[in-house]
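Please read the structure below before turning to the comments.
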Amino acid sequence: MDFDLVIRNGVIVTASEVLPPGLDIGCRDGKIVCIGAGLPSSASTQVIDAEGAYITPGGVDSHVHLAQANAPTGDGWETGTRSAIAGGTTTIIAFASQQKSDASLFPVLEEYNKTSRDQSYCDYSYHFILTNPTKEILRDELPVMAHEHGITSVKLYMTYEIMKLNDREVLDILFACKALGMTTMIHAESHDMISLIIEGLERNKHTEPYYHAIARPRIAEDEASYRAISLAEFADAPMLIVHMSSEVALAHVRDAQTRLLPIHAETCPQYLFLLSERLKADPHDHFAGAKHVCSPPLRHDPKDLEGLWRNVANGTVTTFSSDHAATKYFAEGGKRLGLVDGIPRFSKIPNGLPGVETRVPLLFSQTPACVPPEKARLSLPRFVQLTATNPAKLYGLGGRKGSIAPGYDADFIIWHPSDKGICTIQQKNLHHDIDYTPYEGMEIGNWPRYTILRGQVVWDQAKGIIGTMKCGQWLKRGRGEVLVGKTGNLPRGMLEDERKYWL
Ligand code: URP
Ligand code: ZN
Ligand code: ZN
Ligand code: ZN
């Protein structure tokens, strides 16, 4: 067997185990062919020595906003995906967003294809954001999206005036998606609680960035999450609640999972590492908190972080995504969005933080590869599940992405123990087109030495980016897998046969 690429002697980590050292990975034509000891190489084989290194699957970031209207000065495909590979991510799922005025999804897809075609350093797909789910779209268009285009997931919003759906619309989508094997993602925050608070804050002229965190209290997420779970239970459909920041909301998820409902949870680095104090003015810049405005907001208490870490470790959280939805702090001409005639208006600050590049290294920093075992927040296999295997399976890329096994795409991260045992996150080293990182100065244990996409080294810590915008391929996805619980449940309190009267 002639391999194009052999990676020698690394410690391979999968979603279930850390394999013993001394194994080689043999790859050909962009795929993993076999794993074994002492694999042969020839003159045409590229050999990478990974002695002493960990090898984990290339990251799958299933929540990335690129070239979207809601982040007007944010990353486009070139800069966002370049940033992804430099941080170990080889696959992203971005969003194609329907506007309320769009009566069909096809022109929207065409438009997004134009922005991404030949512009991606990593493999990619989209989720559809549905804001106007007409009968025609659900009946005629979603099946074409799923079967012909391999777009097998949608994201819905329960908040934001221009995006939000009512419960009936969410139900109609859940029933449609269930029939197609599509995964429904939902942004769960109570719009009515939030809009009531914002009205009061504005009346009292509390409009600095910090009030963004006051405007979206945890109870707004807790209530909407429980409501979303109930809607999914009613429709007997799988659901993933995105960017969860509240331990109470996660307890609702855990309770649903215990009842075998297919309810999945996503969280993001910002909710594990940052607190709402970041939204306060700094001594030199009263508007600096604007850099940390995201929704749900950063929470107040270190106990909130601890609660989330527990849910990362105990299996409740299914996927760990960046929610990269970045906006430049200083836009063109030094303009700062949300500073209106010199007055801060938190409700006008675009929501979302940069993070596609720092996501994987931040989580890796909390594994036994970087900290003493008793300080580790999660195991290495759990790290692999959250950053790669679970999102790949949930979104219909199972068997191809997110694992190290024969037949899978040869996507890897190679982590050599860092010389200094320390690596500091600095904006000047990142590859996005954003002018700050919320993690500036944070010391983490390691950074990917190589990122490999379908057998090709695309990031080399010594040389920088060596992939090109032609490297990324469009991924036609299959049906999503249910990772927890099962479908076929009867909602609590319903009789076995009563649905026949209305279903
Ligand atoms: O603050 C955030 N998360 N903005 C991005 C849009 C979204 O809700 O995911
Ligand atoms: Zn959201
Ligand atoms: Zn005030
Ligand atoms: Zn988002």
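Whatever order the structure lists ligands and atoms in, that order sets their numbers, starting from 1. Note that the structure is a prediction, hence the values are computed from the model and not measured.
Annotation for ligand 1: atoms under 4.0 Å from non-hydrogen atoms of His63 are 9 (O). Which parts of ligand 1 touch Asp323 is read off a 4.0 Å heavy-atom cut-off, strictly below it: atoms 2 (C), 3 (N), 5 (C), 9 (O). Close contacts between ligand 1 and Cys294 involve ligand atoms 1 (O) [criterion: under 4.0 Å to a heavy atom]. When each atom of ligand 1 is checked for a heavy atom of Gly352 under 4.0 Å away, the hits are 1 (O), 2 (C), 4 (N). Here is the list of ligand 1 atoms found below 4.0 Å of a heavy atom in His65: 5 (C), 6 (C), 7 (C), 9 (O).
Between Val293 and ligand 1, no pair of N/O atoms sits closer than 3.5 Å.
Heavy-atom neighbours of Tyr226 OH from other residues, nucleotides or ligands within 6.0 Å: at or below the threshold of 12. Remark: Lys393 NZ is loosely packed, at most 12 non-hydrogen atoms of other residues, nucleotides or ligands lying under 6.0 Å away.
Nearest-residue assignment for atom 9 (O) of ligand 1 (options His187, Lys155, Gln68; heavy-atom criterion): Lys155. In this comparison of Ala325, Pro297, Gly74, the heavy atom closest to atom 5 (C) of ligand 1 sits on Ala325.
With a cut-off of 2.8 Å, the Zn ion (ligand 2) has no N, O or S atom of Val242 in range. Coordination check, His63 versus the Zn ion (ligand 4): passed, since an N/O/S atom of the residue sits under 2.8 Å.
A salt bridge is defined here as a Lys NZ or Arg NE, NH1 or NH2 lying under 4.0 Å from an Asp or Glu carboxylate O, and Glu161 with Lys164 meets this definition.
In terms of protein heavy-atom proximity, atom 4 (N) of ligand 1 is closest to Asn351 O, 3.3 Å. Looking from atom 1 (O) of ligand 1 to the surrounding protein, the closest heavy atom is Ser295 N, 2.7 Å.
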Going by atom type alone, with no hydrogens or angles, which donor-acceptor pairs under 3.5 Å involve a side-chain atom of residues 437-445 and a protein atom two or more places apart or on another chain?
{"unit_1": "Thr437", "atom_1": "OG1", "unit_2": "Tyr439", "atom_2": "N", "d": "3.1"}
{"unit_1": "Tyr439", "atom_1": "OH", "unit_2": "Gln270", "atom_2": "N", "d": "3.2"}
{"unit_1": "Glu440", "atom_1": "OE1", "unit_2": "Gln427", "atom_2": "N", "d": "2.9"}

Decide ring pair (Phe, Tyr, Trp, His ring centres under 6.0 Å) for Trp77 and Tyr121; before the verdict, give the C-alpha distance in whole Å, the side-chain angles of both, and the deciding distance to 0.1 Å.
CA-CA 8 Å; Trp77 283 85; Tyr121 284 86; over 10 Å; no

Using the rule given for side-chain hydrogen bond (donor to acceptor under 3.5 Å, both in side chains), can you reason through His65 versus His63, listing the C-alpha separation, both sets of side-chain angles and the distance that settles it, and then say yes or no?
CA-CA 7 Å; His65 300 267; His63 191 150; 3.2 Å; yes

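Of all the N, O or S atoms in His65, the one closest to the Zn ion (ligand 4) is NE2. Sorting the N, O or S atoms of His187 by how far they are from the Zn ion (ligand 2) puts ND1 first. Minimum-distance N/O/S atom of Asp323 relative to the Zn ion (ligand 4): OD1.
Between Asp304 and the choices Arg218, Arg299, Arg310, the salt bridge (Lys or Arg N to Asp or Glu O under 4.0 Å) rule is met once, by Arg218.
A donor-acceptor contact shorter than 3.5 Å links the side chain of Asp435 to the backbone of Tyr329. In this structure, Glu189 contributes its side chain and Ala220 its backbone to no donor-acceptor pair below 3.5 Å. With hydrogens and angles ignored, the 3.5 Å screen pairs no side-chain donor or acceptor of Gln366 with any backbone N or O of Leu378.
The angle that His243 NE2 and Lys155 NZ make at the Zn ion (ligand 2), rounded to 10°, works out to 120°.
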